[in-house]
Amino acid sequence: MSTAQRIDGKAFAEGLRQRVGSEVQRLKADHGVTPGLAVVLVGEDPASSVYVRNKAKQTEEAGMNSMEHRLPEDTPEADLLDLIDTLNNDPAVHGILVQLPLPGQIDDQKVLAAIDVEKDVDGFHVENVGRLWTGGEALVPCTPYGCLLMLKDHLGELSGKRAVIVGRSNIVGKPMAALLLAESCTVSICHSRTQDLPARCREADILVAAVGRPEMIRGDWVKPGAVVIDVGINRIDAPEKGEGKTRLVGDVAYDEAAETAAAITPVPGGVGPMTIACLLRNTVVAAARQNGLPDPGI
Ligand code: GUN
């Protein structure tokens, strides 16, 4: 029997989008500023195409300007860098997001480094990474920031908690560690070479799974009363639903973990919806900063 509270990321994201929308109205009415987000997609990757469409729709629903740039798969790196230069110098653009992955002829790191640090709403520029780790005024990667908001909402004070993150990516694992460290958690980052991973996970008051391996984290890896945040989105075969059918699962075996955890995010409907909501939030923060205004409290 499941005892854990199911953390409803969809509802939480909806609340955040409402707060972003109110802040957008305030920026427009009081300062004549309409936050603008430019999203760049190179190529035709179907998953990326869906993300980009959702981003544009939610940006407009929040009252902001959405600028979409779709470039062909064989776009030379120099052309993409030229576009970024144009967007960097456009005062109507407050946030720039280049959808990853990029085609092979383009160097991701070179592209991310070319984005104006103050417009880097993904928080992937090395200067934003440095600011995050040193306590500066960073733009913070959206997915880990969304996880932090849900953890704070659920637990209140995080100080002194034992946090274990499984996964060491630049997009989730590492920035998640920086954010939890800044909240005075005791943080471990575990990965494929970690010895006795189940035992490390069992130490965690806060367990964040971001490895991309379907249902890898089992119920008996979870400390009783832990809060579990599952960042994984994995599509697996679901023959029980019929031939050729699939379903989405996280990195955590939900039903097992829900018997031990105090609270857990489901997949889908947990962390996923928070990412775009945080992107909108970062765009509003970037627009305020670029106009010399104080950070909105969202
Ligand atoms: N591709 C998948 N997720 C993301 C994201 O959060 N940002 C960017 N830029 N690309 C992605």
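Heads up: numbering here begins at 1 and tracks the sequence. Side chains are part of it too, since the values below use all heavy atoms of this structure and drop only hydrogens, waters and symmetry mates. Computed from a predicted model, the values in this text were never measured in an experiment. Start at 1 and go down the list; that is how both ligands and their atoms are numbered.
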Open item on the list: So for atom NZ, which belongs to K10, do other residues, nucleotides or ligands contribute more than 12 heavy atoms lying within a distance under 6.0 Å?
Closed with: no

Task: N-O pairing of R131 and E118 below 4.0 Å - done: yes

- [ ] Number the atoms of ligand 1 from 1 as they appear, then name those within less than 4.0 Å of a heavy atom of V98, with their elements.
- [x] 8 (C), 9 (N)

Open item on the list: Just to confirm my output: which protein heavy-atom neighbour is closest to atom 11 (C) of ligand 1, and how far is it?
Closed with: Q99 NE2, 3.4 Å

TODO: Please indicate whether any nitrogen or oxygen in P101 is less than 3.5 Å from any nitrogen or oxygen in ligand 1.
DONE: no

TODO: Look at atom 10 (N) of ligand 1 and say which protein heavy atom is nearest, naming residue and atom and giving the distance to 0.1 Å.
DONE: L100 N, 3.0 Å

Task: NZ/NE/NH1/NH2 to OD/OE distance under 4.0 Å, E243 and K245 - done: no

Open item on the list: With a 4.0 Å cut-off on N to O distance, would you call E240 and R247 a salt bridge?
Closed with: yes

Task: Per atom 9 (N) of ligand 1, closest listed option by heavy atom (D122, V121, D45, V172) - done: D122

Task: Mode of L97 contact toward ligand 1 - side chain, backbone, both, neither (heavy atoms, under 4.0 Å) - done: side chain

- [ ] Let me know which of M64, R289, R26 forms a side chain to side chain contact (heavy atoms under 4.5 Å, CB included) with V284.
- [x] M64

